[in-house]
Every structure is written in structure tokens, then in C-alpha cells.
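Scroll down for the structure; my scribbles are underneath it.
Ligands are counted one by one from 1 in listed order, and the atoms in each one are counted from 1 as well. Worth knowing before you read on, the calculation uses all heavy atoms, side chains too, and leaves out hydrogens, waters and symmetry mates.
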Amino acid sequence: MCSILRESSIVKISRICFSLILVGLVTSAEIVSSELPDQTTMFAINEEIGVPGWGVNNSDYCYWKGIQCSSNQTVEVLDLSSCWLRGNVTLISDLKALKWLDLSNNYFSGPIPIDFGNLAELEFIDLSSNKFGGSIPKELGKLENIRALNLSYNFLVGGIPEELAELKKLQDFQISGNKLNGSIPKWVGNLTNLKVFAAYENSIGGKIPENFGSASELEMLNLHSNLLDGLIPESLFANGKLEVLVLTQNRLTGTIPEFVGNCDNLSSIRVGNNNLIGGIPKTVGNITSLTYFEANNNNLSGEIAVEFASCSNLTLLNLASNGFTGVIPSELGQLTNLQELIVSDNSLFGDIPESILRNRNLNKLDLSNNRFNSTIPVDVCSTSRLQFLLLSQNFMRGEIPHEIGNCVKLLDLQLASNYLTGTIPPEIGRLKNLQITLNLSFNHLHGPLPNELGKLDKLVSLDVSNNRLSGPIPTALKGMLSLIEVNFSNNLFTGPIPAFVPFQKSLNSSFSGNKALCGQPLSSSCGNTNGDDQDIYPHKVSYRIVLAVIGSGLAVFVSVTVVVLLFMMREKQENSAKDIGSLGIVDDSANSKPLITAGNVFVDNYRQAIDFDAVVKATFKDGNKLSSGTFSTVYKATMPSGLVLLVRSLKSVDQTIIHHQNKMIRELERLGRICHDHLMRPLGFVIYEDVALLLHEYMCNGSLFQLLHENSKKPEYEPDWPTRLSIAIGVAEGLAFLHSVAVIHLDISSGNILLDANMSPRVAEIEISKLLDPSRGTASISAVAGSFGYIPPEYAYTMQVTAPGNVYSYGVILLEILTTHLPVEEEFGEGTDLVKWVQSAPTRGETPEQILDARLSTVSFAWRKEMLATLKVALQCTDNTPAKRPKMKKVIEMLQEIKEK
Ligand SMILES: *[C@@H]1O[C@H](CO)[C@@H](O)[C@H](O)[C@H]1NC(C)=O
Ligand SMILES: *[C@@H]1O[C@H](CO)[C@@H](O)[C@H](O)[C@H]1NC(C)=O
Ligand SMILES: *[C@@H]1O[C@H](CO)[C@@H](O)[C@H](O)[C@H]1NC(C)=O
Ligand SMILES: *[C@@H]1O[C@H](CO)[C@@H](O)[C@H](O)[C@H]1NC(C)=O
Ligand SMILES: *[C@@H]1O[C@H](CO)[C@@H](O)[C@H](O)[C@H]1NC(C)=O
Ligand SMILES: *[C@@H]1O[C@H](CO)[C@@H](O)[C@H](O)[C@H]1NC(C)=O
Ligand SMILES: *[C@@H]1O[C@H](CO)[C@@H](O)[C@H](O)[C@H]1NC(C)=O
Ligand SMILES: *[C@@H]1O[C@H](CO)[C@@H](O)[C@H](O)[C@H]1NC(C)=O
């Protein structure tokens, strides 16, 4: 399916088919029996909505997908979630015995039928993630048995009708992600059974009612991103049941109530981006379950409560952008679970408590823009797993300790605008994971740049400007293969600027203010003494940079996306050159509407259907998040047109890239034109502020990894053998096509195989492969690419990504499909992955049958035979000798033959 047009015509055709079948079934059913009580209604619903699979096998609707009947054949459960359905759902209200109605995640539109109010037995209704509009019908107030009501993520307007006050049994009430306004009625907090109330991302104003929650069992209250003002009522904490409180991004005033300490089950308190004042109540120490405390961007003041030290499960403490003073209590070092301590933009001073640095779990320490006036402790990384050390804009003194070289996990090191003295320790070259920024600018550092910096081959941005550094810029820096942004300005550097593309592509302001520096990009030439240094760089910069990033196995994808982003940022810069000045300055205030600076849809059929604003907005909703990594997060985004997209959000690390570079975008465009049923191509991109978003079609059935390893724990979702085999063939076809156009995939894994509504597979992340295309004369890479368990053994010494390498990874997927085992599992034993486990079965005395997933291989003789034949193919694919592995085309032939026999 290559376009919306084709997709919709398939839907139409299948509807016609269903209608035809239906005519036949209705007649035969009438002859056989007319007793089934919901027969007419169910056939009418199927005719209106056209549910895939309904009526195909049987006219007894109780056997249809998503249906459960009571003993007298009335429909009790109707679950049509996530089926890409549209149509008029009013008829459902004729299913009088219905207890459970789930229409979530479809394209149903129009008003919510008022007749749903007549479903007197209804206990559960989920209409979330559709396109229902209009207001919430007051008739729903008649659903006196309802326990869960979920209307989230629709286009509902107006207020919450008073009639719902009658829903005395309501436990779970969710209306988030609509356009509701008005205020929160007082009675909501009086619903005595209410446990969950979520109304976030609406335009609800007014105050949170006084006494809210005091009469209820409230465990979860989430009202973020509304227009609420007034105080946080103490009543929320009155009965001590609250577990999650999210009030972020409103206009709340007053203080955080002392009463909060009443709730010892409270694990998450998020009240950031409000107008709260006062201090942190000392009672926080009583909240023993506290895991997240987020109160950034308020007007809180006073000292950081030492009582936090009693919250032994605290993982994240974010107090950024407030008016806190004093020191960081050293007692916080007792918080052994603390992963992120973010206190930037306050008026804190003193030293960095060593007790905190000794914490083994600390991952992010952000003290930027305060008044910390100590030295950088010698044991800064003696035990921690620190990835982010952000100390810029303080009054830090002394030298950068040599022990900084112990911070081997660091991704980002920012020490700018302090009073650091001494030289740059060569040990900094040991920070091999450093990839975001190394910023030492605006200090008092002197001496030469150490050659060891050249070992930072993943680093994208280096800023040593505005110091007193001297000597030449070492040619060893050419080892910084990922470098995109540099700044050496305002130092005492001398001699020629080394011939290194990232240098010559920089603005001359990156080198200015060094009187004795010469050569490109500066206008002062060095004379003809350095002919040797003028060698033209052999590769195109984009591939060079991109290649260098491969060095890190799993981190490959992550790093590459950053690079892609950076190229896009350059494009953005280009496009928005008019608003100079504001460029690159990231406005962190979450209130401002994001300014989309660039965006394009490559694929014609989608151009009308994609709304960039809606894409960006979707990434703001936590509920849309599908998966997340260090630098990128994948979201589901529903367009106003009804189209659903998969959006990958890449977080920027760069703010001042100047050069025009649209090569990456052209590569993406070219890939957008690939039309193959089993490849997932990029549809376009959007850039706003410092974020770049890549757009893809949404695959409603998740990944093959989920299908095999998560869903299959529930027997009803267990994919049967024919389904698995056709997925395997589809993947093989996608890969064979890639190979036929000389593209080698870099990260084949079951997580990268996505499944569409028909369970047809698509190979994802081909754009990364393309950007790293080894056929372009850059075949040698510095280390191994791919995901753990899928990496062919020869990559370790050939350091080359090859088509036979892809065949190996594909073979691992085949084994996953056959065994339902993960590529790496503890039960295989130390150093043994799935391939070795399968290969060593004979030595363990196991037969091939014992390797297969018995839930499938014991179903029928035919299935077992096919599985054994497929196992042979998988073993050929995972042969240790690359030359013995079949080509992907041959694999398709072999699997087709198995299927057809
Ligand atoms: C077809 O209907 C029968 C009952 O008549 C049921 O047992 C079987 O699971 C159904 N098959 C499918 C594929 O729905
Ligand atoms: C079928 O049973 C349900 C309860 O299981 C009951 O509410 C309904 O009235 C019954 N319907 C008929 C037609 O007997
Ligand atoms: C749905 O069908 C009902 C009749 O069954 C009709 O009254 C209603 O207007 C229709 N709704 C829409 C949105 O077309
Ligand atoms: C909607 O809410 C119900 C409970 O009210 C919950 O079970 C369901 O998961 C929610 N649906 C979605 C899509 O989040
Ligand atoms: C809510 O309950 C309180 C007592 O807990 C009562 O005083 C108040 O009138 C009730 N409010 C509404 C709107 O029912
Ligand atoms: C709660 O914290 C306060 C202040 O730290 C303390 O005085 C009080 O005893 C604590 N209450 C309970 C129930 O632990
Ligand atoms: C801390 O977290 C652990 C693991 O989630 C949990 O078992 C424990 O009960 C929590 N401790 C407190 C005091 O809530
Ligand atoms: C750090 O700053 C604080 C507050 O200005 C001051 O009291 C203290 O003496 C300073 N410490 C050092 C070591 O300069």
C-alpha cells in the first residue's frame, strides 16, 4: 500500500465484498435460525462500519472478532479498538445488553450518539482517540452502572454536563485531549468512587473546586495543560489516597500545601510551569513513595528542603527556574535512587556536594546558571554513571581536575562561563562517549589544546572560545570525525588552521580573535609553507561525519539522528535567515506557541492530509508517546484529516549552525519516493524551535518485536504460523529490494519491523541506512553497527556493513519467529545468543523440533513441517561464514516454496 488513495480504495473494495457476503449470510441465516437476539443489529452495524473479519466465517456474531455474548446470545462486549474504522456508530445503542464498549483508536466522527445513554447495562465505555465532536451528551448521565468513561483525544467542546453528577459508580473518568472549556464542576470531587480523573490538555479554566477530592477515593489527578488558576486545594490530600498529581502548565497560584505530606502513597508530584510561591513544605519528607518531584518554572523560594532526603525512592528532582537560594543539602546524597537533579536557573551557591556525586545512579546533574562557587570536585565521577554534567554560568573556580577523565559515560559536558583556570587536562580524551557538547568557553583556561581531544570521535559540538588557550590547533583534531560545530575564537592560537572539512566549513567567526591564526576559513592566508596540509578531504563531509558516528553499536541510531537533525538545522537556518538575532536562541518557556521554521511533505498523496501544527502539537501529549530513547521519541499523531502518523522527534543539541547543507533533506526526499510494500519510507519532516520531527505512516499493529515477545504472552494474540511465515517473506522482500538498489540496512531487528493493519510487515529506519550508504566509497567503518544479538560475527573484524551481514540479521529474525525467543536471553547462558543456542542444540542432545515454539509446532503436522524447513533457511542465513549465506532473493524463493507446498 503506497498511498492513501490505494488504501482507501482497498477499504472500499473490502466493504463491497463484505456487503455481498452479508447478503448471502443474512438469507441463509434467516433460513437456519432467526433466533439470535442481536442478529439484525449486528448485521446492520457490520454493514455500516464494515469491520474486517466480521461475518466471514460464520453468521453467528458471537464468534466475530471483538464480540463476547452472554449465555442467551446477547452481545455484552463490543471491542472495535484500533481497527481504522469510520462510519455511524449510533446503531450500537440497540445492543441493549452491552456492558463493555470499546471504540477507541478509530476514525469515528460526528457527535457522540445520545442514544448511548440508553445502554442501561453499560459499565465501561472507551471512545478515546477518535474524531467525535460536539459536546459531551448530557444523556450519558443516564448510564447509572458506568464505572469507566473515557472520551480522551477527540474534538469535544463545551463543558462537563451537570447530568454526569448522577454517575455515582464512576471510578475512572477521562476527558483529556479535547477542546473542553468551562470549569471543573464541584460534584466531580464528590463522586465517592472516583479513583482516576484526567482532564489534561483542554482549555478548562477557573479554580480546582474547594473540597475537591475530600469525599472520594482519588488516586490519580491529572489536569496539566489547562487554564486553571487559584490555589491547589488542601482537600486533594485529605484522605491520603492520592498517588499521582499532575498540574503542570496551568496558572495556579499560592503555595504547595503542607497537607501534601499526608499522602504517603504519592509517587509523582508535577506542578511545574505555574505561578506557585513559597517554599517546599517540610512535610515532603513524609511522602515515602515519592519518585518524581517536578516544580520547575514557578516562583518558589527558600532553601531546598533537606527533608527530601527521606524520600528514598526519589528518582527525579527538578526545581529549575525558581528563586531557590542556599546550598544543596549534602543529605541528598542519601537518595541512592536519584537519577536526575535539575536545579538550574536559581540562586544556589556553595559547592557540589560530594555525597551526591558518589551516588551510583546519578545520570544528570544540571546546576547551570546559579552561583555555585566551589571547585570541580576531584572525585566528580568516581562512582557515578553521569551522562550530563551541566555547570555553565556559575562561579566555579580552580582547575578542571584530571579525574574528569573518569566520567566515561558523559554525553554532554558544559562548563562554560565560570572562572576555571589552568590547562585543559589531556584526560578529557578519555570521554569517548561525549557526543553532544563539550563547552569550555568563557573561562580563564590557558596552555595548548591537548592532542587527545582528537579521540572524541563522536562529539558534534566543541566550544573552547573566549579563553587564553595558545599554540597551534592540533592536526590531531581531525580525529573528531563527528564534529559539526566548532568555536576557537578569542584565544591566543597560532599557526595554520588544519585542513579539516568541519573547520573550513565553519564561519570565520569561529576562528576570529586569534591574532596569529591563518588559513581557511579565515581570510589571512598562511603563505606557501604548508602545501602538505592542503590535501583535499577525500570524502563528502556528510558521509564522513555520519560514518564516524557508527562507533557505538546500539548508540548508532541515536547518534545518527542527531546528525540528521543537525543538517536539518542548517537548512532551517537558511530558510529563516530573515529573523536573524532570534536564531538559535531556544525559548524554553513552554507557554509560547512553537514556531515552525521548516517542513516538507515529500509524498504528494499525503500533502493535503498533513498539518504541521497538528504534528507538533501531538508530540506535546504524553499520551501519544509510543517509545522513547535518549535523543529521540516516537509519537503517534492524528491529523485533523483523520490520517494517523508516526512521528519521530529528534532533540537538537545545536544552536548556531550556519552553513547551508540540504543534502540530508534531499536523501530523505529520494527515499520518500521509494514505493515498496515492505519498506517504511519517510513522508516528510517538520522543524520547530530546536526540534526536528520525521514523519512516517502509522503502523497500527506495532512492531514484530511486540507481536512476538509482548503480545504473544496473551494466547488470544499469539500469531499463528501462517501469519509468521508471511511476515518473514514480506521482510525478506523488503530487504531484497533494498539490496537491489545497493542499500545496506544498518540495524535489522524485530523492533525495526513494523506491522500494518493487515499484519503486513514494513522494514523501518531505511533512511538511516541510506544516509550511511556504504556503497558510496565509504565502506569501511570504525566499529560495528546494529543491535545486540543481530550483529553478524564478522563485523567485529571486517568492520564493514555488508549484504551478507544483513542476511545474518534477517536469519536471527527468522529464529525469533520460529522459537519466540529473544535474540539474547539469560537462559541461553553466558556469552550465548539465540544463534549459538540454536546451533548448539545437537550438542545439548536436543532435536530441531525442541527448538521450535511448541505452541505452534504441535498444532498440526503441516505447520511443523513448514517450521522445520524454515529453520533450515534460518540456519543457512546465520552461517558463520558470510559467503555461505544465501542472497535475500534466494531466501524469498526458499520461503515461497515452503509456503506453497
Ligand atoms: C469460525 O467459526 C467457528 C465457530 O463456528 C469458530 O470456532 C472458529 O474459531 C471461527 N474461525 C475464525 C477464523 O474466526
Ligand atoms: C439476556 O441476558 C441478559 C443478562 O445476561 C439480560 O439482561 C437480557 O435481558 C437477556 N436477554 C434476553 C433476550 O433474554
Ligand atoms: C447516524 O444514524 C442515525 C440513524 O441510525 C441518524 O439519526 C444520525 O443522524 C446518523 N449520524 C450521523 C453522524 O450521520
Ligand atoms: C480509557 O480509559 C479506560 C478507563 O477509563 C482505560 O482502561 C483505557 O485504557 C483508556 N484508553 C486509552 C486509549 O487510554
Ligand atoms: C460535596 O460534598 C460535600 C460534603 O462532602 C457537600 O457539602 C457538598 O454540598 C457537595 N457538593 C456537591 C456539589 O454535591
Ligand atoms: C510529617 O512531617 C512533619 C515535618 O517534617 C513532622 O513533624 C511530622 O511528624 C510528620 N508526620 C508524620 C505522620 O510522619
Ligand atoms: C520504593 O520502590 C520500590 C520498588 O518500586 C518499592 O518496592 C518500595 O515499596 C518503594 N518504597 C517506598 C517507601 O515506597
Ligand atoms: C560562596 O558564596 C557564598 C555566598 O555568596 C559565600 O558565603 C561563600 O563564602 C562563598 N564560598 C567561597 C568558597 O567562595
Let me know which protein residues bring a heavy atom to under 4.0 Å of ligand 8; chain then number is fine for ordering.
Phe349, Asn373, Arg397
Please round to the nearest 0.5 Å and tell me the distance separating atom CG of Asn359 and atom CD of Gln334.
11.5 Å
Rounded to the nearest 0.5 Å, how far apart are CG of Asn299 and OG of Ser301?
8.5 Å
Check whether the side chains of Asn363 and Gln339 place a donor and an acceptor atom closer than 3.5 Å, and report yes or no.
no
To the closest 0.5 Å, what do you measure between CG (Asn178) and OG (Ser203)?
10.0 Å
Drop me the distance from Leu103's CG to Ile92's CD1, to the nearest 0.5 angstrom.
4.5 Å
I need the atoms of ligand 7 closer than 4.0 Å to a non-hydrogen atom of Ser289, numbered in the order shown.
14 (O)
Which of the numbered atoms in ligand 7 are under 4.0 angstrom from any heavy atom belonging to Thr288?
12 (C), 13 (C), 14 (O)
Going by the order shown, which atoms of ligand 7 are within less than 4.0 Å of some heavy atom of Asn313?
1 (C), 2 (O), 3 (C), 8 (C), 10 (C), 11 (N), 12 (C), 14 (O)
Interatomic distance, NZ@Lys364 vs CG@Leu316, rounded to 0.5 Å, equals 9.0 Å
Determine, using heavy atoms of Thr90 and all atoms of ligand 3, whether some pair is separated by less than 4.0 Å.
yes
Measuring from atom CG of Leu140 to atom CZ of Phe116, what distance do you get when rounded to the nearest 0.5 angstrom?
9.0 Å
Regarding Asn322 and Asn298, do their side chains bring together a donor and an acceptor under 3.5 Å, going by distance alone?
no
